[in-house]
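No experiment lies behind these values; they were computed from the predicted model shown.
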Amino acid sequence: GNAKVTGTDAGTYDMLLKAEDFANISTNFTNVTFEIVDGTLEISKKKITVKADDLSKTYGDEEPELTATVEGAVEGETINYTVVREEGEHSGEYKISVEPGDNPNYEIETEDGTFTVEKKQITVTADDLEKTYGDEDPELTVTIKTLVGDDEIEYEVKREEGENADEYTITVTGEEEQGNYEISYEEGTFTINKYAEEVIVKITGNSDEVTYDGQAH
């Protein structure tokens, strides 16, 4: 016989049979006994995959929204899940994982993603400086673009030797990779200006007295 049952969500549904539904069979037989065996309809959970999307940011930037890609779900249905990433703000790679929510009709397999914090690129530039010939050197300084917060880096700044009025190169040196940074260094110019005030130079010749002796003196 045929029994019909309708189900949509995942689960097991009973398909019940009734003897009276088959009474017409007895018209063809003198002795009929019905044995009723009920059936079931089972709707199994659909297997789907939720994969965390790989994401990245530069050290010091704001966090992007964590997302995931769902594969295999029935079109138009919303799948409940939460995406979280391993804690950490320094440059490096961190795991992004998916935590499934309540999805009665689905069996969810999750796949991790990778969150990359990339090193920040900064520039250390020697400041252009000057002095007047004869003065003491000013302190050599640099401009750094752009450190995050109270971060510090190590570097050395020095100028080309010389004290005459002229232009000299100021150089900055240091490691190109330091912690969360990739660093480039740019030179500056140190100018020694000529002394601008009036200078009086008095040159006095030597004096001597000799007695004539026929020789050149």
Side-chain angles (χ1 to χ4, degrees), residues 5-14 40-128 139-158 169-189:
V5 65
T6 301
T8 302
D9 294 327
T12 301
Y13 301 85
D14 292 329
T40 58
L41 169 66
E42 183 176 351
I43 301 178
S44 60
K45 292 186 177 184
K46 184 174 177 60
K47 294 182 179 180
I48 64 174
T49 301
V50 182
K51 183 183 185 307
D53 296 327
D54 293 334
L55 295 169
S56 65
K57 73 169 186 176
T58 299
Y59 169 73
D61 287 356
E62 292 185 1
E63 196 87 356
E65 180 183 1
L66 300 177
T67 57
T69 300
V70 179
E71 297 178 356
V74 173
E75 185 176 355
E77 291 197 354
T78 299
I79 306 301
N80 296 314
Y81 59 86
T82 303
V83 185
V84 296
R85 85 164 177 91
E86 182 183 0
E87 292 185 355
E89 290 301 325
H90 293 294
S91 58
E93 292 186 347
Y94 302 87
K95 183 176 72 174
I96 307 175
S97 57
V98 177
E99 298 176 355
D102 184 20
N103 299 278
N105 294 318
Y106 294 95
E107 181 180 327
I108 298 178
E109 179 180 333
T110 63
E111 292 185 16
D112 296 335
T114 301
F115 190 96
T116 304
V117 179
E118 298 173 345
K119 291 180 182 290
K120 187 176 183 66
Q121 296 183 350
I122 64 172
T123 302
V124 181
T125 304
D127 295 329
D128 292 334
E139 180 184 1
L140 300 177
T141 57
V142 300
T143 299
I144 303 176
K145 297 180 180 179
T146 43
L147 285 173
V148 176
D150 296 327
D151 287 354
E152 296 181 352
I153 60 172
E154 295 183 356
Y155 57 87
E156 182 181 2
V157 56
K158 60 183 179 180
T169 300
I170 306 174
T171 57
V172 188
T173 57
E175 295 292 335
E176 293 183 357
E177 289 192 9
Q178 295 188 38
N180 297 307
Y181 297 95
E182 290 184 353
I183 308 168
S184 59
Y185 300 91
E186 295 185 0
E187 298 176 343
T189 301

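Between K120 and T58 the shortest heavy-atom distance is CA-CG2, 3.8 Å. Here the closest non-hydrogen pair linking V70 and I48 is CG1-CD1, 4.2 Å. The two residues T125 and E187 make their nearest non-hydrogen contact at CG2-O, 4.4 Å. Across A68 and V50, no two heavy atoms sit closer than the pair CB-CG1, 3.9 Å. For V98 against T110, the heavy-atom pair with the smallest separation is O-CG2, 3.8 Å. In terms of heavy-atom proximity, A126 sits nearest to V142 at CA-CG1, 4.0 Å.
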* Asked: Does the side chain to side chain contact (heavy atoms under 4.5 Å, CB included) test come out yes or no for L66 and F115, once each step is laid out?
  -> CA-CA 9 Å; L66 300 177; F115 190 96; 4.1 Å; yes

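Of the possible polar contacts, one joining the E86 side chain to the K95 backbone as a donor-acceptor pair under 3.5 Å is found. In this structure, N80 contributes its side chain and D102 its backbone to a donor-acceptor pair below 3.5 Å.
Taking NZ from K47 and CD from E107, the interatomic distance works out to 5.0 Å, rounded to the nearest 0.5 Å. Atom CG of L140 is separated from atom NZ of K158 by 11.5 Å, given to the nearest 0.5 angstrom. Remark: D61 CG to E89 CD distance equals 10.5 Å, nearest 0.5 Å. Taken to the nearest 0.5 Å, the CG atom of D53 stands 3.5 Å off from the OG1 atom of T67. In this structure, the separation between CD1 on I170 and OG1 on T189 is 7.0 Å, given to the nearest 0.5 Å. Atom NZ of K119 is separated from atom CD of E176 by 12.0 Å, given to the nearest 0.5 angstrom.
Scanning for side chain to side chain contact (heavy atoms under 4.5 Å, CB included) contacts around K51 gives D54, E111, with sequence neighbours left out. Legend: residues meeting ring pair (Phe, Tyr, Trp, His ring centres under 6.0 Å) with Y59, ordered by chain and number and at least two apart, are Y181. Taking Q178 as the reference, I153, E154, E175, I183, Y185 meet the side chain to side chain contact (heavy atoms under 4.5 Å, CB included) condition, with sequence neighbours excluded.
The pair K57-E63 meets the salt-bridge criterion, since a charged nitrogen lies less than 4.0 angstrom from a carboxylate oxygen.
Counting heavy atoms from C-beta outward, I96 and Y94 have side chains that stay 4.5 Å or more apart. Annotation: side chain of I108 is in contact with side chain of I79 (closest heavy-atom distance under 4.5 Å).
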